[in-house]
Amino acid sequence: MVKSHQSYVAHVCHQQDAPCGRVQSLEAHLHNVATLTETFASKAGQPSAGRLVGLLHDFGKYSKEFQCYILSAAGCIRPGEPNYRDPVANKGRINHSFAGGQYLWRRLRGNVYKQSVAQMLALCVLSHHSGLKDCITPERENAFVDNYMERSEEKTHHDQCARVCDPPLSTEIEELISDALVLEVMGGLKKISARVGARLPKNASTEENKANENSRDFQQSLMVRFLLSCLVDADRTDSAEFEDPALQKLRAAVPHRPWDVLVPRLEAALAAKTPQHPIDHLRRDISAHCARRASDDQGIFTLTVPTGGGKTLASLRFALLHAQKHELDRVIYVIPYTSIIDQNAAVARNILEQGETPGSIVLEHHANVLPDKDTDDADAGKRWAMLAENWDAPVVFTTMVQFLESLFGSGSGHARRMHNLARSVIVFDEVQTLPVRCLHMFCNAVEFLVGQCGATALLCTATQPRLGGVPDPLLGSLPLGPDREIMPDVPRSFRELRRTDFFDHCQKRMRAEAVAALAQEELRLSGSCLVVCNTKKMAEKLYALCPAREGLARYYLSTNLCPAHRMEKLDAMRKDLDEGRSVLCISTQLIECGVDISFRSVIRLAAGLDSILQAAGRCNRHGEGTPGRVHVVRVDGDEENLARLQDIKDGRDIFLDVIRLNFAEMLQNSQYDLTLPQLTDAYFEHYFCRRADVMSYAVGTGGNTLLSMLGSNRCVTVGEKSLFPLLGQSFGTAAKDFKAIDSAATSILVPYGEGERIIADLCSADILYKKKALLRKAQRYSVNVFPNIKAALDKGKALYPIQDSGMYALQKSFYCPEMGVVMQPVPQAGCSFS
């Protein structure tokens with residue numbers, strides 16, 4: 001057993017030629033993690049805090065209980081021998097996280113500033129496996145003090161660990177616990193307080209002061225999560241590299257700030273583009289403006305460009321040049337839909353990766369992505385998994401869901417990525433799709449990342465939501481003055497890039513049959529037509545009303561089709577359009593935002609102005625010939641039920657009752673030009689006012705919000721006061737309540753293409769790592785269904801369980817090659833919808 005301080009063990013890796021396996025000493029692990037955490041935390045000016053939490057995170061492993069457990073698990077102590085601990089029975093039961101937190105709390109006792117620093121750092125240490133824990137619970141219990149810091153020696157082994165800790169480690173810890181540490185951490189909080197406080201008007205009301213304090217406290221909570229992120233990534237990185245030393249070489253091979261290589265590649269690709277259409281000259285002008293503004297100081301920028309304006313390459317040009325100018329670490333694209341990520345990441349990869357290891361420059365991270373299956377590189381899958389865990393690549397494409405989860409999601413896995421948002425250019429593509437209930441939280445987070453962590457943010461869209469002018473701005477808004485816009489004359493760019501004529505049919509309601517007849521007429525006149533609906537039910541009905549005929553390529557798109565199926569349909573549709581075939585597509589709104597496809601005509605069922613303009617962006621995308629035709633139609637209420645789609649209903653009503661009526665003269669004078677930026681400004685002003693009551697992410701029925709739970713948390717604090725600089729947040733409860741997408745849907749696997757084989761393999765796989773690899777592949781062949789649909793499928797015996805995993809697969813007869821998931825079994829040759 002353990003004889004001296006040199007024998008304490010952090011990890012054991014089993015090896016056949018070593019009876020007790022390969023051992024990593026506890027002292028080595030703590031020093032390795034401390035060095036990494038210090039490096040990561042320095043991006044926000046907190047190197048000493050980072051180093052200290054790294055040294056103390058596994059302090060509890062010095063206990064006799066843990067050492068007996070890990071040596072028993074390694075086979076060094078055998079059953080029946082003294083000190084043997086059953087490794088199965090004791091897995092996860094020996095607490096090794098709380099001792100380090102208690103050590104910090106007890107050594108930094110003193111004034112409120114020392115207590116604040118001790119609390120912030122101790123919370124990171126004791127939460128590094130679970131995700132941040134509640135400081136005060138919704139039941140008003142002071143969990144941090146009463147449950148964590150006062151937990152007994154029998155359960156945390158604090159005193160024992162302090163006695164036997166390696167002397168060099170103990171000395172370094174004592175040196176770090178100093179006034180300099182307190183000044184460092186409190187300096188960060190002072191910076192937050194000053195930045196947020198600068199927004200407060202003179203003679204502010206009590207409510208305005210409370211709102212401002214909540215934003216300050218919310219950003220303090222982000223600082224704690226940032227430190228946790230640094231610690232979690234450092235801990236997992238060192239542990240993984242001990243288990244598999246090859247990972248260290250793979251990570252070292254990832255280029256660091258390769259901007260001097262990537263910028264010339266992009267510039268060469270842009271210079272080689274020969275204008276094919278008049279619109280290409282306008283796209284080149286937009287790109288030039290992005291290049292000029294890239295030399296600006298860091299901050300928050302907007303790029304308001306009409307659909308089809310070349311935003312993808314223009315924003316990439318800004319991001320790479322800006323990262324080069326300011327020596328930033330990476331570029332992160334945050335995109336709403338996976339279909340757009342596939343498209344935009346392919347564009348970036350084709351330009352930026354020239355002979356490098358696949359995925360080492362451009363990383364895609366979202367639910368449906370897989371490592372490049374065409375590569376011969378045996379390490380591709382391992383490399384992708386390693387980089388995706390923490391976004392450690394020069395250019396990253398991810399989703400808004402993943403971004404929000406990294407900031408607010410539960411567990412430590414999501415939080416691990418957060419620190420790599422620091423010192424990055426973060427490009428928010430189609431920012432208007434931000435879930436409205438997350439608006440105040442999002443604004444506080446972006447302000448924190450830019451103001452505290454050295455990031456730059458770029459908000460890109462054709463329909464800029466003006467996040468600087470939201471209701472209750474002190475709860476969370478962005479400092480967006482006119483100088484923040486990259487384009488010098490936004491109205492002019494919209495005038496010059498107008499490629500469509502709009503036709504308003506909303507004076508009277510139409511039946512579905514009339515909409516179908518309009519689509520048929522547009523096909524006859526234009527040759528291709530896209531119809532975008534608000535609901536799947538309406539899309540299915542219109543698809544059935546537009547029968548198949550010879551010479552017509554007819555498509556249906558909705559989330560009833562799995563992602564792989566949708567991508568194949570989009571590729572086939574583009575091919576048909578490029579070859580001049582007659583094409584009709586009936587789709588839900590999934591096609592309207594950022595998808596690179598062009599029809600001669602578009603019919604959009606009435607919705608919010610942003611949705612109408614995004615749908616119009618799929619019309620005459622390259623400005624060829626005569627203007628495209630975009631029809632906005634209003635259907636009978638019994639044809640389209642939006643009762644459960646409040647965001648869509650509110651947006652539609654504002655378009656119908658405010659934009660069309662209040663701006664009738666402006667529309668008439670502009671030949672009904674819905675792209676006028678004044679209309680977009682007015683639309684979002686009314687929309688945000690109508691939705692102001694949900695922008696703080698309400699939870700439960702008592703009026704509480706996640707914005708408050710992660711801020712001042714007045715619902716549970718004594719006297720309903722801010723505890724700043726102490727923490728009173730309900731971190732753990734808020735994380736459990738947070739969902740980037742509000743959906744009660746169940747994900748089912750469908751037997752489309754490779755999905756059929758994946759389902760069969762999952763049903764037979766009994767080894768965990770094989771199941772994990774299969775589940776990653778299965779995400780491309782899954783469909784989310786709501787409870788009523790799942791109940792109907794259950795009733796029809798369409799679903800069957802996959803072993804005891806809690807997952808379900810769909811019977812093949814309930815997946816239609818045209819429509820995806822259907823309620824009645826269909827012959828596989830086709831569906832009876834025409």
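The first residue in the sequence is number 1, and the count goes up from there. Bear in mind that the values here come from a model prediction, so they are computed numbers and not experimental data.
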Quick check against the 3.5 Å criterion: does [X] have a side-chain atom that pairs as donor or acceptor with the backbone of [Y]?
| X | Y | result |
| --- | --- | --- |
| Gln276 | Thr274 | yes |
| Ser598 | Arg621 | yes |
| Arg499 | Thr307 | yes |
| Asn620 | Glu624 | yes |
| Arg566 | Leu561 | yes |
| Glu496 | Leu282 | no |
| Ser601 | Ser528 | yes |
| Arg284 | Lys273 | yes |
| Glu485 | Thr304 | yes |
| Arg466 | Glu685 | no |

The ring pair (Phe, Tyr, Trp, His ring centres under 6.0 Å) partners of Tyr672 (sequence neighbours excluded) come to none
Could you walk me through whether Phe663 and Leu676 pass the side-chain contact (heavy atoms from CB on, under 4.5 Å) check?
CA-CA 11 Å; Phe663 295 89; Leu676 294 173; over 6 Å; no
Scan side-chain atoms only and decide if [X] and [Y] contain a donor-acceptor pair under the 3.5 Å cut-off.
| X | Y | result |
| --- | --- | --- |
| Thr626 | Arg600 | yes |
| His289 | Arg317 | no |
| Thr461 | Lys311 | no |
| Thr312 | Tyr333 | no |

Would you sort out whether Asp636 and Arg509 count as a salt bridge (charged side-chain N to carboxylate O under 4.0 Å, His left out), showing the intermediate values?
CA-CA 5 Å; Asp636 281 344; Arg509 299 172 186 266; 5.0 Å; no
State whether [X] and [Y] are salt-bridged, where the test is any N-O pair (Lys NZ or Arg NE/NH1/NH2 against Asp/Glu carboxylate O) under 4.0 Å.
| X | Y | value |
| --- | --- | --- |
| Lys575 | Glu579 | yes |
| Lys537 | Glu540 | no |
| Glu754 | Arg780 | no |

Name the orientation class of the two ring planes belonging to Tyr687 and Phe684 (parallel below 30°, tilted from 30 to 60°, perpendicular beyond 60°).
perpendicular
Would you call the rings of Phe442 and Phe403 parallel, tilted or perpendicular if under 30° counts as parallel and over 60° as perpendicular?
perpendicular
Can you name the closest pair of heavy atoms from [X] and [Y] and give their distance?
| X | Y | value |
| --- | --- | --- |
| Asp650 | Arg691 | OD2-CD, 3.0 Å |
| Gly309 | Leu497 | CA-CD1, 4.2 Å |
| Leu799 | Gln811 | N-CG, 4.5 Å |
| Gln589 | Val532 | CA-CG1, 3.8 Å |
| Met666 | Leu679 | SD-CD2, 4.0 Å |
| Asn534 | Ala607 | OD1-CB, 3.6 Å |

From [X] atom [atom1] to [Y] atom [atom2], the distance as rounded to the nearest 0.5 Å:
| X | Y | atom1 | atom2 | result |
| --- | --- | --- | --- | --- |
| Leu530 | Ile603 | CG | CD1 | 9.0 Å |
| Asp681 | His686 | CG | NE2 | 12.0 Å |
| Leu542 | Leu605 | CG | CG | 6.5 Å |
| Arg652 | Glu640 | CZ | CD | 6.5 Å |
| Ser582 | Leu552 | OG | CG | 5.0 Å |
| Asp647 | Arg690 | CG | CZ | 12.0 Å |

With a 4.5 Å cut-off on side-chain heavy atoms, are [Y] and [X] touching?
| X | Y | answer |
| --- | --- | --- |
| Pro627 | Thr500 | no |
| Leu674 | Leu667 | yes |
| Gln520 | Pro547 | yes |
| Leu459 | Gln464 | yes |
| Arg283 | Asp280 | yes |
| Phe599 | Cys619 | no |
| Leu270 | Ser287 | yes |
| Lys536 | Met819 | no |

Please determine which of Tyr781, Tyr815, Tyr555 meets the ring-ring contact (aromatic ring centres under 6.0 Å, His included) test together with His565.
Tyr815
Counting neighbours of CD on Gln668 that are heavy atoms of other residues, nucleotides or ligands and sit closer than 6.0 Å, is the number greater than 12?
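Check fails, neighbour count at 12 or below.
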Looking at Phe318, does the NZ or CZ of Arg293 lie under 6.0 angstrom from its six-membered ring centre and within 45 degrees of the ring axis?
no
Which residues share a side-chain hydrogen bond (donor to acceptor under 3.5 Å, both in side chains) with Glu568, sequence neighbours left out:
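Checked Glu568 against side-chain hydrogen bond (donor to acceptor under 3.5 Å, both in side chains); matches are Tyr752.
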Asp571: what forms a side-chain hydrogen bond (donor to acceptor under 3.5 Å, both in side chains) with it, not counting sequence neighbours?
Arg574
With side-chain contact (heavy atoms from CB on, under 4.5 Å) as the test, would you mind laying out the steps for Gln671 and Asp501 before giving the verdict?
CA-CA 8 Å; Gln671 297 180 319; Asp501 291 331; 5.9 Å; no
Worked verdict on Glu592 versus Arg618 for salt bridge (charged side-chain N to carboxylate O under 4.0 Å, His left out)
CA-CA 7 Å; Glu592 70 188 8; Arg618 305 322 113 200; over 6 Å; no
Criterion side-chain contact (heavy atoms from CB on, under 4.5 Å) on Arg511 and Val635, from CA distance to verdict
CA-CA 6 Å; Arg511 301 295 300 174; Val635 297; over 6 Å; no
Decide side-chain contact (heavy atoms from CB on, under 4.5 Å) for Glu430 and Ile335; before the verdict, give the C-alpha distance in whole Å, the side-chain angles of both, and the deciding distance to 0.1 Å.
CA-CA 7 Å; Glu430 308 297 355; Ile335 298 178; 6.0 Å; no
